[in-house]
**Q** 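The structure that follows is given in the form of structure tokens.
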Amino acid sequence: MVMDVEVVKDIASFDPELLQLPEVSPPVLKENPQIADHLYTHWLTLPETIKLVKSFVDDAKAGLPFSISGFSNNASNSSASTSLPSMFPAGGTPPLSPRSMSGSPRAARRGFGVGPSNLGSSLKVASEQVKEVIPQFYFLNGRPPPNDLKHQCLTTINHLFYGHENGLRIQEFKSVTKEICKLPSFFSSVLFKKIDVDYAGVVTRDSFVDYWMKRNTITMDIPTHIFNILKRPDRNYLSQEDFKPVLRELLASHPGLEFLQNTPEFQDRYAETVIYRIFYYVNRSGNGHLTLRELKCGNLISAMQHADDEEDINKVLRYFSYEHFYVIYCKFWELDTDHDFLIDKENLIRYGNHALTYRIVERIFSQVPRKFTSKVEGKMGYEDFVYFILAEEDKSSVPSLEYWFKCIDLDGNGILTPNEMQFFYDEQLHRMECMAQEPVLFEDILCQMVDMIAPENESYLTLRDLKGCKLSGNIFNILFNLNKFMAFETRDPFLIRQERENPTLTEWDRFAHREYIRLSMEEDGEDASIGSGDVWDEAAEAPF
């Protein structure tokens, strides 16, 4: 046994004084150490000692405390019981193998000296709980602001509320929204109503301090603050309806949209188009419930701040550009020949000068990529068209890749096989033959697509493969948009140079700019003004 080897090894270093035998004086033991060695060896061989040591080992393994009284009771009948209690220190610790400081290197580590050990039980020390003070890291309403920030904020509040002892009215509250809350000014009405819970028509200094300071809103990040302002109390997400009050105030206050006050019938249509674009890009789950996480991950907040600072709304390319709305709405109006604000398959097949194949249009109307919001069977509504045109004209974006991937994935197993891709390309091949163009065999096209994407597995394409390549949008153009496929095969060096000169513009930005110029010139000749022309006036009278 390991224990026996350990004992024999340490007998030579045994200290006679540790025995504490009253029958033999310590000087005699020191002069004759062999007596102590024999006594110690004899004691270790006793059956009662072996039983005792084994019980101590079992108790230690079970985590039980050592008890001297228990030992005394168990060993009361043994011949060595009279001398054993004197070997234990009064602290209640079981005896350790006697060792000298010089004979064993373990003695220095365990702190043994001459005579009985005066150390307490190591188990007792380990069982004592050390109280560690952990500073508070969670606050229900956010971390309290530093005193200097509170003082600075109170100074600004007192300045803005100076001379308004009865409070600020909604028209006067905009400066508070922008200067103190650091929110876009078109949030002032929504924020005002959030504080004016009693519908008094004014916000006093004390009520604003209670909302902004005492609830620690001052330390809240802007996305979270906007989310809490817009959402309803019983929800943890934002719906499309929650954005309408903000868009109404933007339309009423932004100088770049002032001209729409002469055509109020388009104000709601502009607002809804902006909301549809927001949910297309930001609501990545596609369930119509925009979460705080999605709001923080998107670029909507920066676009809102840009719209608030920029007088020309058309320079705000993300979501708010009126020119982009103009293009989307006019494109829809061109296809909606009976002007019932619904589009069927035959209408959509004419999109882009008959650029799309029948098979891809069939997949769109099967509502595989997205369920239609229109409640009419076989008809696409305006919101559905907004999602379609954004996906069609900017296939490099993640929402577009997901939209078209679902269309091509016929069995919905998450991979695009050569058979699935050939199913759509066969119609492209037929169209090329009808147009007397030299056809490109699918085998050659497949090699080109694999080289372009460089997928992890060359036998199929995954959505992850497509998201990892900047040229992924061309895969879908090859499969179902003949016009863009041919344009890609015969790329214009001038257009390539334009893209390199301004890489911040997306495919959608370039498309919307080209189409806006074309549409405006068609309506007004060389005059590119907005809001006039027979088509535009007729569209204003259509139901929405």
Side-chain angles (χ1 to χ4, degrees), residues 280-281 284 299 317-318 351-353 355-357 359-360 363-364 368-369 387-410 413-429 431-432 437-515:
Y280 172 81
Y281 285 105
R284 299 305 314 120
N299 58 357
L317 301 179
R318 305 286 83 81
Y351 180 83
N353 194 20
L356 303 176
T357 62
R359 289 182 177 179
I360 198 65
R363 289 290 286 174
I364 294 171
V368 172
Y387 274 70
F388 159 77
I389 193 173
L390 292 175
E392 167 59 23
E393 300 303 339
D394 188 3
K395 293 189 177 73
S396 62
S397 67
V398 172
S400 176
L401 294 176
E402 294 174 352
Y403 186 97
W404 297 118
F405 187 92
K406 294 176 182 177
C407 288
I408 307 301
D409 187 13
L410 295 174
N413 64 348
I415 62 174
L416 303 184
T417 62
N419 290 337
E420 288 173 324
M421 291 185 281
Q422 186 173 7
F423 172 79
F424 290 93
Y425 184 75
D426 283 345
E427 188 174 351
Q428 291 278 71
L429 189 62
R431 297 174 75 188
M432 284 188 281
Q437 294 185 1
E438 182 179 357
V440 183
L441 298 179
F442 176 74
E443 290 75 12
D444 299 332
I445 285 295
L446 182 61
C447 293
Q448 182 180 354
M449 291 190 295
V450 170
D451 292 341
M452 186 186 306
I453 302 300
E456 294 182 6
N457 191 320
E458 294 186 357
S459 59
Y460 56 82
L461 299 179
T462 65
L463 185 58
R464 180 179 179 180
D465 294 330
L466 297 179
K467 289 182 178 180
C469 178
K470 295 181 179 180
L471 300 175
S472 297
N474 295 310
I475 298 295
F476 298 117
N477 289 332
I478 292 172
L479 297 179
F480 55 76
N481 190 316
L482 185 59
N483 295 348
K484 291 185 178 180
F485 174 32
M486 301 307 298
F488 175 73
E489 290 294 312
T490 59
R491 287 185 291 272
D492 186 353
F494 177 74
L495 295 178
I496 296 176
R497 187 178 63 184
Q498 279 187 326
E499 294 177 4
R500 291 176 179 174
E501 288 177 353
N502 197 344
T504 59
L505 294 179
T506 64
E507 293 181 17
W508 165 257
D509 297 333
R510 296 187 178 92
F511 164 80
H513 180 69
R514 293 193 305 267
E515 284 299 306

**Q** Less than 4.5 Å apart, side chain to side chain, heavy atoms only: is that true for Ile408 and Phe476?
**A**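 Answer yes - side chains close enough.
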**Q** Taking the side chain as everything from C-beta on, heavy atoms only, tell me whether Tyr281 gets closer than 4.5 Å to Leu390.
**A**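 Answer yes - side chains close enough.
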**Q** Look at the side chain of Arg363 and the backbone N and O of Val368, then say whether any donor-acceptor pair between them is shorter than 3.5 Å.
**A**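 No, Arg363 side chain to Val368 backbone: no donor-acceptor pair under 3.5 Å.
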**Q** What's the verdict on salt bridge (Lys or Arg N to Asp or Glu O under 4.0 Å) for Lys467 and Glu402, showing C-alpha distance, side-chain angles and the deciding distance?
**A** CA-CA 9 Å; Lys467 289 182 178 180; Glu402 294 174 352; 3.1 Å; yes
**Q** Can you measure from CZ (Phe424) to CD1 (Ile478) and round to the nearest 0.5 angstrom?
**A**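 Output value for this atom pair is 14.5 Å.
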**Q** Please evaluate residues Cys407 and Ile360 with respect to the criterion side-chain contact (heavy atoms from CB on, under 4.5 Å), reporting the C-alpha separation (whole Å), side-chain torsions for both, the decisive distance (0.1 Å), and the verdict.
**A** CA-CA 7 Å; Cys407 288; Ile360 198 65; 3.7 Å; yes
**Q** Before giving the answer on side chain to side chain donor-acceptor pair (under 3.5 Å), spell out for Asn419 and Thr417 the whole-Å C-alpha distance, their side-chain angles and the decisive distance to 0.1 Å.
**A** CA-CA 5 Å; Asn419 290 337; Thr417 62; 5.1 Å; no
**Q** Which heavy atom in Ser400 sits nearest to a heavy atom in Tyr280, and how many Å separate them?
**A**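 The answer is N-OH, 3.3 Å.
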**Q** Do Asp426 side-chain atoms and Phe423 backbone N/O form a donor-acceptor pair below 3.5 Å?
**A**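 Checking the backbone N and O of Phe423 against the side chain of Asp426, no donor-acceptor pair under 3.5 Å is found.
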**Q** Any non-hydrogen side-chain atom of Pro455 less than 4.5 Å from a side-chain atom of Arg464?
**A**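 A side-chain contact is absent here, since even the closest heavy-atom pair is not under 4.5 Å.
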**Q** Please say which of Lys395, Lys484, Glu392 ends up in a side-chain hydrogen bond (donor to acceptor under 3.5 Å, both in side chains) with Asn477.
**A**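 Exactly one candidate clears the test, Lys395.
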**Q** Could you check whether any side-chain heavy atom of Leu441 comes within less than 4.5 Å of a side-chain heavy atom of Pro439, counting everything from C-beta outward?
**A**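 No, too far: nothing below the 4.5 Å cut-off.
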**Q** How many angstroms lie between SG in Cys469 and CD1 in Ile453, if you round to the nearest 0.5 Å?
**A**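 Rounded to the nearest 0.5 Å, the SG-CD1 separation comes to 4.0 Å.
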**Q** With side chains defined as the heavy atoms from C-beta onward, is the minimum distance between Phe405 and Leu466 less than 4.5 Å?
**A**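 Phe405 reaches Leu466 side chain to side chain.
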**Q** Before giving the answer on side-chain contact (heavy atoms from CB on, under 4.5 Å), spell out for Tyr387 and Ile364 the whole-Å C-alpha distance, their side-chain angles and the decisive distance to 0.1 Å.
**A** CA-CA 11 Å; Tyr387 274 70; Ile364 294 171; over 6 Å; no
**Q** For Gly352, is there any backbone N or O sitting under 3.5 Å from a side-chain donor or acceptor partner on Asn483?
**A**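 The answer is yes, because a donor-acceptor pair under 3.5 Å joins these two groups.
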**Q** Minimum heavy-atom separation for Pro369 and Tyr403, please, with both atom names.
**A**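 Answer, listing the atom of Pro369 first, then Tyr403: CB-O, 3.4 Å.
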**Q** How many angstroms lie between CH2 in Trp404 and CG in Leu463, if you round to the nearest 0.5 Å?
**A**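 That separation rounds to 14.5 Å.
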**Q** Check the pair Asn481 / Leu356 against side-chain contact (heavy atoms from CB on, under 4.5 Å), numbers first and verdict last.
**A** CA-CA 5 Å; Asn481 190 316; Leu356 303 176; 3.8 Å; yes
**Q** Quick check for you: to the nearest 0.5 Å, what is the distance between Gln428 atom CD and Leu482 atom CG?
**A**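 Atom-to-atom, Gln428:CD and Leu482:CG are 5.0 Å apart.
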**Q** Kindly determine whether Thr357 and Arg431 satisfy side-chain contact (heavy atoms from CB on, under 4.5 Å), including the steps that lead there.
**A** CA-CA 9 Å; Thr357 62; Arg431 297 174 75 188; 3.5 Å; yes
**Q** Any side-chain heavy atom of Gln422 sitting closer than 4.5 Å to one from Ile445?
**A**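 Result no, sub-4.5 Å side-chain heavy-atom pair not found.
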**Q** Okay, side chain of Glu427, backbone of Phe480: is any donor-acceptor separation there less than 3.5 Å?
**A**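 Here the side-chain-to-backbone pair does not exist.
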**Q** For residues Tyr425 and Val440, report the shortest heavy-atom separation together with the two atoms involved.
**A**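 The pair with the smallest heavy-atom distance is OH-O, 2.5 Å.
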**Q** Hey, could you give me the CD/CD distance between Glu393 and Glu515, rounded to the nearest 0.5 Å?
**A**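 The CD atom of Glu515 is 7.5 Å from CD of Glu393, to the nearest 0.5 Å.
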**Q** Return the set of residues passing side chain to side chain donor-acceptor pair (under 3.5 Å) with Arg318 (not counting sequence neighbours), or none when no residue passes.
**A**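 Only Asp509 meet the side chain to side chain donor-acceptor pair (under 3.5 Å) criterion with Arg318.
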**Q** Quick check: closest heavy atoms across Met421 and Leu461, and the distance to 0.1 Å?
**A**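 Scanning both residues completely, I find the closest heavy atoms to be SD-CD1, 3.9 Å.
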**Q** Hey, what do you get for CD (Glu458) to SG (Cys447), rounding to the nearest 0.5 Å?
**A**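 It is 9.0 Å, given to the nearest 0.5 Å.
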